[in-house]
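The structure's right below; bear with me while I get my questions together.
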Amino acid sequence: MAALWRALRALRALPAGARGRSAGSPGAVALPRPLGADAHEEEPMLVAQRKNPDYHGFSADPDADVLNMRAAFLAGISIAIVLGSVFVHYLPDHGLQQWARREAERLVRERERRGEPLLTSNYYNPKCLPLPPSE
């Protein structure tokens, strides 16, 4: 374990250009380079950011990048707002509150039409209840 720490310290002490080469101090460990990485080649994203500081990741051309970013943002937000609103609008009646309101209004209209009181002390009609015989 101590040998590994010494190797890492030696690797950090090397200048950036000498790290990839095998020449160096005998205790230094040469780390493998990532696939496709060249010492003189920069990543395309870094090049685009240097060319356009407001790089959004859509295109290397600054005007096309801003246009594509705005189009993607507009489409994404519009879809989220429109589809989200439609989804919320067509959600089922939670707790049947709307149904209960419609049913209560229907019963009120029916009782007003018959001339009955809107509220009575009996939940059920006592004439329709089968009662046990009194003895």
Side-chain angles (χ1 to χ4, degrees):
M1 191 67 166
L4 180 63
W5 288 113
R6 277 195 305 264
L8 286 174
R9 264 189 255 120
L11 182 63
R12 286 188 191 131
L14 290 176
R19 286 186 187 172
R21 295 187 222 137
S22 61
S25 63
V29 176
L31 296 175
R33 298 191 73 80
L35 291 175
D38 188 14
H40 302 292
E41 190 177 303
E42 285 190 81
E43 300 228 2
M45 189 168 150
L46 293 175
V47 173
Q49 282 180 341
R50 192 167 293 124
K51 181 178 174 184
N52 178 14
D54 295 330
Y55 182 65
H56 299 101
F58 291 99
S59 176
D61 180 31
D63 295 330
D65 185 49
V66 169
L67 181 67
N68 290 335
M69 181 268 305
R70 288 179 180 163
F73 186 82
L74 176 69
I77 295 300
S78 298
I79 288 172
I81 289 174
V82 170
L83 291 182
S85 301
V86 168
F87 178 76
V88 169
H89 177 72
Y90 284 106
L91 279 175
D93 184 15
H94 181 70
L96 297 176
Q97 293 175 352
Q98 294 173 354
W99 175 85
R101 172 79 183 219
R102 288 192 309 267
E103 185 68 15
E105 289 172 356
R106 187 189 65 81
L107 287 174
V108 165
R109 281 194 306 269
E110 183 180 326
R111 288 182 179 172
E112 285 176 346
R113 185 178 51 85
R114 288 184 188 168
E116 298 175 353
L118 297 180
L119 295 174
T120 62
S121 60
N122 297 322
Y123 187 75
Y124 293 106
N125 186 358
K127 296 176 184 172
C128 298
L129 291 175
L131 298 174
S134 60
E135 294 178 358

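Keep in mind the model is a prediction, meaning the values are calculated, not measured.
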Do you know which two heavy atoms are closest between Asp65 and Gly57, and how far apart they sit? OD1-N, 3.5 Å
Any residue meeting side chain to side chain donor-acceptor pair (under 3.5 Å) with Arg106, in chain and number order, not counting sequence neighbours: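 For Arg106 the side chain to side chain donor-acceptor pair (under 3.5 Å) partners, ignoring immediate neighbours, are Glu103, Glu110.
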May I ask you to check whether over 12 heavy atoms, not counting those of Arg111, lie within 6.0 Å of atom CZ? yes
Sequence neighbours excluded, the answer for salt bridge (Lys or Arg N to Asp or Glu O under 4.0 Å) partners of Arg102 is none
Is there a donor-acceptor pair under 3.5 Å between the side chain of Asp93 and the backbone N or O of Trp99?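 Indeed, once roles are kept as given, a pair shorter than 3.5 Å links the two residues.
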Identify all side-chain donor-acceptor contacts of residues 79-88 below 3.5 Å with residues at least two apart in sequence or on another chain.
residue	atom	partner	partner atom	Å
Ser85	OG	Ile81	O	2.7

If you group Ile, Leu, Val, Met, Phe, Trp and Tyr whenever their side-chain heavy atoms sit less than 4.5 Å apart, what else falls in with Leu107? none
Tell me, please, which residues at least two apart from Arg70 pass side chain to side chain donor-acceptor pair (under 3.5 Å).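 Result, side chain to side chain donor-acceptor pair (under 3.5 Å) vs Arg70: none returned.
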Mind listing the side-chain donor-acceptor pairs of residues 118-129 below 3.5 Å, one per line with the distance, residues two or more places apart or on another chain?
residue	atom	partner	partner atom	Å
Thr120	OG1	Asn122	O	2.8
Asn125	OD1	Lys127	N	3.3

